[in-house]
Amino acid sequence: MKIAQVGGVEVSTDHWIGGRRVASSSRFELRSPIDGAHLAEVSAGSADDVAAAVDAARRAFPAWARLGPEGRAPLLRRFADGIRARAEELAAVETLDNGSLLLGNVHRMVPRAALNVEFFADWALKLEHTIDGAEVTNHVRYEPAGVAALVTPWNAPLMLTTWKVGPALAAGNTIVVKPPEWAPLTCSLLADIAHAAGIPAGVLNVVQGIGEDAGAALVAHRDVDRISFTGSPDTGRLIGVAGARNLVPVSVELGGKSPFIVCADADLDGAAQTVAMQYLNAGQVCLAGTRVLVEASVSEAFLAKVRQAAAAMVVGDPREPGTRVGPLITPEHFSRVQGFVERALADGAVALWGGRSHGAGAQYFEPTLLANVRADMEIAQHEVFGPVLTWQTFRDDEEVVTLANGTRYGLAAVIFTRDEPRARRLAAQVVAGTVWVNCFFVRDLAAPFGGARESGIGREGGTWSFDFFSDVKNVAIRKGSFGEEA
Ligand code: NAD
């Protein structure tokens, strides 16, 4: 078994299959986006490794399913406690691995990861219910579906993986996780924590590896009963095809190009602070409101406030407490972001600030605001996944709704206004899975989450997660057939 020392933390770089570490002969190199330093050589899973993991999950399934929600909940709560107990290690490894802000990981992501497990363990206890019919009583049961394949992206791996692991396990499934190859390490720690918490061997399996190899083999495997994927729309399409081939339900949470609408009557100071937040984690956030749409009458005044708020977004090493904008994940992704900006500028956009690399290191890009942007430009249509915002103005609600809905995405929308009826009207008209009014990034685990259009298919969160990860069964019992009063 290979162990890497990452920020003083021992992390296995191998798979976790059937309760033991398994190595692949082929490995891939992992470098930190912070400074390009070598972090580890990680096992690159093959179709055989995937088959072994699915087999282990299949064998562990009957006993895990039989435990029922009551039997699983104490184990899952211990799992959540284990995540909390290793918060600092998890945060340190995640930051080195994907360049996300250390303080954000300590205070938000790791606590959220623990809550993802605990919340769904508790929610599973209250799912069963009855529907009283004229002739029968319908007993609605949430049966475990079987083996679930979970595939996640690099921008928040711990948080996004537990968002699937929690409900999948609470629903009684066994799972095979394929972590992102650009940030796979906290998922490996997750396996250790689950094991230490007493989650039985084979219930949670991790196969490391490259998406096109290990990921593709996993979603194509015939003995998988559910596929839950978070990542890019291009991969999402391949996942959909794989699910269709085996007639397996698929949930895909994909990219975004979300509008950030600021009405003239809004709290402009609060809105400006929130616009600047879109640069956090170098804009590598699916939900980011990257298209700022401002009511023309306040455009100038609001721009001055945003300029001030953006100036406070310190670029640098994400381990430093004062940093707000860290590195982009890889050199390739850096070039991709730079390419988007260069093409936008060549197409007539104007950089009000930023627009180029930042001196903090090879993969750092300046927080950027592009004006003179037309709705049909590439920069207004495609997800950049970097610290790049666009600025457009509108004159009335009709125009802003047209602009807001003018992309192929529909993940989220942000609206700032003090006019409640207007907020409700706009919220009803924008195409988005989540609309935040006078706030941003608040995600209640009981609420539905997902995207419209190319931002996704399906909803997770609360009971929606269990609708996906369960075989919902109705047991209709004729009234009076057991001698009780009809
Ligand atoms: P990606 O699609 O390249 O990769 C996501 C995962 O899929 C990785 O684990 C990868 O190894 C795997 N994968 C790649 N090819 C595969 C294949 N052929 N078969 C099976 N698995 C495969 O996405 P990414 O670059 O890691 O993540 C960035 C994207 O994720 C952005 O578009 C972002 O908006 C999106 N995202 C969405 C949400 C959401 O909740 N909607 C959250 C975070 C990120």
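Both ligands and their constituent atoms are indexed starting at 1 by order of listing.
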Please could you name the atoms of ligand 1 that Asn155 approaches to less than 4.0 Å, counting only its heavy atoms?
43 (C), 44 (C)

Output the list of atoms in ligand 1 that are nearer than 4.0 Å to some heavy atom of Leu160, sorted by atom number.
42 (C), 43 (C)

Within the 4.0 Å heavy-atom shell around Lys178, which atoms of ligand 1 are there?
9 (O), 10 (C), 11 (O)

Identify, for atom 13 (N) of ligand 1, the protein heavy atom at the shortest distance, and state residue, atom and that distance.
Gly211 CA, 3.4 Å

Going by the atom numbers of ligand 1, which of them fall below 4.0 Å from some non-hydrogen atom of Pro179?
9 (O)

How close does the nearest protein non-hydrogen atom get to atom 20 (C) of ligand 1, and which residue and atom is it?
Gly215 C, 3.2 Å

Are any of the heavy atoms in Phe449 under 4.0 Å away from ligand 1?
yes

For Gly255, the atoms of ligand 1 under 4.0 Å from one of its heavy atoms are 32 (O), 34 (O)

Crowding at NE2, His195 (>12 non-hydrogen neighbours, <6.0 Å)
no

Per-atom contacts, ligand 1 versus Ile239 - under 4.0 Å to a heavy atom
20 (C)

Using a 4.0 Å cut-off to any heavy atom of Val151, which atoms of ligand 1 qualify?
6 (C), 7 (O), 9 (O), 12 (C), 21 (N)

Quick one: is the NZ or CZ of Arg343 closer than 6.0 Å to the six-membered ring centre of Phe340, and within 45° of its axis?
yes

Does Ile210, backbone or side chain, put an N or O under 3.5 Å from an N or O of ligand 1?
no

Report the nearest protein non-hydrogen atom to atom 41 (N) of ligand 1: residue, atom name, distance rounded to 0.1 Å.
Leu254 O, 2.7 Å

Keeping the roles fixed (side chain from Asn281, backbone from Ser100), state whether a donor-acceptor pair exists under 3.5 Å.
no

Donor-acceptor under 3.5 Å (Arg291 side chain, Trp391 main chain)
no

Are a donor atom and an acceptor atom from the side chains of Thr13 and Glu41 found within less than 3.5 Å of each other?
no

For the CD atom on Gln338, are there more than 12 heavy atoms of other groups (residues, nucleotides or ligands in this structure) within a distance under 6.0 Å?
yes

Quick one: does Ala156 get within less than 4.0 Å of ligand 1, heavy atoms only?
no

What do you reckon, does Leu287 put a non-hydrogen atom under 4.0 Å from ligand 1?
no

Give a yes or no answer on whether the side chain of Glu94 reaches the backbone of Leu158 with a donor-acceptor pair at less than 3.5 Å.
yes

Can you pull out the closest protein heavy atom to atom 11 (O) of ligand 1? Residue, atom name and distance to 0.1 Å, please.
Glu181 OE1, 2.4 Å

Row check, Trp182 ring normal vs Arg31 NZ/CZ: under 6.0 Å, within 45°:
no

Which heavy atom of the protein is the closest neighbour of atom 27 (O) of ligand 1, given with residue, atom name and distance?
Pro153 CB, 3.3 Å

Sub-3.5 Å donor-acceptor pair from the side chain of Lys257 to the main-chain atoms of Ile379, do we have one?
yes

How far is atom 15 (N) of ligand 1 from its nearest protein heavy atom, and which residue and atom name does that atom have?
Thr235 CG2, 3.4 Å

Atom 42 (C) of ligand 1: nearest protein contact (heavy atom, Å):
Cys286 SG, 2.9 Å

Counting from 1, what ligand 1 atoms have a heavy atom of Leu238 closer than 4.0 Å?
18 (N)

Side chain Thr368, main chain Glu366, donor-acceptor under 3.5 Å
yes

Using distance alone, decide if ligand 1 has a nitrogen or oxygen within less than 3.5 Å of any nitrogen or oxygen in Glu383.
yes

Are any side-chain N or O atoms of Arg226 and backbone N or O atoms of Phe468, one a donor and one an acceptor, separated by less than 3.5 Å?
yes

Report the nearest protein non-hydrogen atom to atom 24 (P) of ligand 1: residue, atom name, distance rounded to 0.1 Å.
Trp154 NE1, 3.3 Å

Crowded around Arg424 CZ? As in, over 12 foreign heavy atoms under 6.0 Å?
no

